[in-house]
Amino acid sequence: MLRTACQEQLLPGDTLQEKWAFAQDAGYDAVELRSKGDFHFRGRLPELKQALADGVIMPTVCVDMLHFFAAFDDDLRRDALEQMRSQLSVAAEIGALGVQTPASYGMFSRRLPPFEPPRTEEQDREVLLAGLSELGEHARREGVTLYLEPLNRYEDHMVNRLEQAVELIRTVGLDSVRIGIDSYHMNIEEADPSASVLAAAPYIGHAQVSDSNRFQPGAGHLDWPAWIGALHSIGYDGYLAAECRLTGDPLAAVRSIPGFLRRSGA
Amino acid sequence: MTSLLETPAPAAAGHLALRRGAARVLLTNWTGSSTVPSRGLYPHQWSWDSAFIAIGLRHLSVRRAQRELESLLGAQWSDGRVPHIVFSPAVPLDAYFPSPDFWRSSTAGAPSGAPAGTETSGIVQPPVHALAAWLVHLADPETSRSRGFLPRVYDRLVAWHDYLTGPRDLGGGGLAAMVHPWEPGMDNSPCWDGPLRRVDPAAPGSYRRADLDHGQAAERPTDLDYGRYVRLAADYRDSGYADVPGEHAFAVEDPCVNALLIVSEHALARIAAETGGDPALHEARAARLTEALVARLWSPSDGMFLCRDLVGGELIPERSVAGLVPLVVPGLPQHVVDALLDTATGTGFRLGEVPMAPSYDFTGHAFDPSRYWRGPAWFNTNWLLERGLRRYGRARAADALRTAMLDAAGASSFAEYVDPFTAQARGTRAFGWTAALTLDLLAAARNSDDTGPAGPAAPASALPIGART
């Protein structure tokens, strides 16, 4: 049985403890944390440790910043690397499995003007490999995993499909770097999302879920049984973490997710 | 939907691995709108394969299962026939023989209503489709209704059965006739040896078999048989795929084909009731077909059904598993049921003693444990026998057969067929309907193992088991 998690900002409550109580009541198995920049996440360590002591299950972290480890701007890239290293260390300190990040988000799209990015594909690749190596080594030392998330073509121009992430991870050669797949992005980019799960099987470390329209699972038209069936068939034993927008009554929407995923085979 | 893939069955720890393996085959063989029987040997969409595959695929993705049947029916001819192959334009012509340039459906088939934009073969396969459609619906009625699945396929399924009971009633006795050995689906069954002797084989140099590129010659039909298959198909094509009584060099009434037609006609009755139509028409036709099946194909001395040769006019004295498949038909006379059960467990088929029933009588003169439909055990026919045993109150025998099939499917890597004594793999591996029917048997096994009360979120896959047609 696959476990489900809900990102913390979707859950009602002022504290992680309150959010966890709601999450458990709705049938979730865990909370996925969001990690902001400026070392904000590190600053939350006392809060996180208290939550841990109170029994909140927080196995995974999703980065919540506006610049990322493959940014065009050198200063932003260096900062993103520093933030990610810190966040991976915090994850280790609270016993989490790892942190998920895209290569970039909202920085450039080859499908939107001006269409040609300032770096060549070779330069992009160098930056990606350097960042993944540095963060992967740090994650390995900390005993956690960096999850690289392919985004759709409108949100990132470098890593859109699972096969691209697989190629980068193979080249980096670190077990501490895996793919963090996302059903919404896969729906846009993969010809057959279920077949892509099979093809990338050994490299998949984490999974985030939202429907075809970015709303909660069940609010769109994804073929969830086929996608979840593929995860089962590769023996995936991680979490399905809800990272989505909500349509309809927000609390009812959040509550609906575990049951929906369960009925879809999770 | 079902949580089939993850719930370990308490009765068998190995079922989880089996489920995952079967799901992997179906996910790998999926092409976007249908499932290929195998990636190498059979790279297109096959008619009865798709129906059996949909029956299993419903446990993995009801949408794919619906799509499987819809894409097949989308290639239906306007005379109602559902072609036995729908060709993928993405596959090279030499990947499979006979290829689209042999069948020439869009031109040679035009007088019979072949579609202009899709290449298909011009012959048919057994009508499992309405049964499959009904079972797919039952797996998730809510999704089925919201997508308008049954109304969309109903008219096409009716036209299909109208074709089989109309133009294909070549014998005039109320049964569907098959005009090529590939049509009953059991291509090289010894049942066809006699009727085929009248057929001049096509010259060996006039075509090139592609099946031997992927399969072992000893497990495939012989070259002589193949030459006759080609001759019959070419003659049918050259006639514009016309169905004319008395004009076919090969014409047979097959008990498996007609049994599946009856079961599917009963399913059509249920589909009609669900969609606001009249089930009585279909029940009446099913009853007429059942009567004709017994009247024309039952052999009391053999204790089973035989094929009828419409050219020679006699029953064909060869005992194949096709003659036991009518066990799936409801409402058979009790003496027929009793005799069928005796024959299934007797020396010819040894059900309960060997892992799975062979495709042909163990004691028959043509028995060969390795060669395709001349002895090997197949998963689709045994799935049908399992249903038949259950229908007629032999639950323990059905359970045993189900267990044996699951063991054989897993051990053989979902082989196309297996040696009937040892269940060793034969033919191609990762075969679509073997994997699909494995999922269906696992779902049934899981549900029969359930002892607790079903909660409100009970998987929909519980439904088909209690709703056999």
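Within every chain, numbering begins at 1; the chains are lettered A, B, ... in the order of the sequence lines, protein sequences first and strands thereafter. On a predicted model such as this, the values are computed, not experimentally measured, just so you know.
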Sequence neighbours left out, what passes salt bridge (Lys or Arg N to Asp or Glu O under 4.0 Å) with Arg140(A)? Give chain and number order.
Glu137(A)

Among all residues two or more places apart in sequence or in another chain, which pass the side chain to side chain donor-acceptor pair (under 3.5 Å) test with Asp25(A)?
Arg255(A)

A side-chain contact here means heavy atoms from C-beta on lying under 4.5 Å apart; do Arg34(A) and Cys62(A) qualify?
yes

Do Glu274(B) and Trp134(B) have side chains that get closer than 4.5 Å, going by heavy atoms?
yes

Heavy-atom pairs under 4.5 Å with chain B, option from Ala191(A), Ser194(A), Ala195(A), Gly259(A) with the top count
Ser194(A)

Taking the side chain as everything from C-beta on, heavy atoms only, tell me whether Leu222(A) gets closer than 4.5 Å to Pro217(A).
no

Using atom types as modelled, flag every donor-acceptor pair under 3.5 Å from a side chain in residues 429-439 of chain B to any protein atom, sequence neighbours excluded.
{"residue": "Arg429(B)", "atom": "NH1", "partner": "Gly427(B)", "partner atom": "O", "Å": "2.5"}
{"residue": "Thr434(B)", "atom": "OG1", "partner": "Ala415(B)", "partner atom": "O", "Å": "2.7"}
{"residue": "Thr438(B)", "atom": "OG1", "partner": "Thr434(B)", "partner atom": "O", "Å": "2.6"}

Residues 143-177 of chain A vs chain B, non-hydrogen distance cutoff under 4.5 Å, contacting residues -> none

Measure Asp192(A) against the heavy atoms of chain B and call it side chain, backbone, both or neither at under 4.5 Å.
side chain

Kindly state whether the ring of Phe379(B) and the ring of Trp383(B) have centres lying under 6.0 angstrom apart.
no

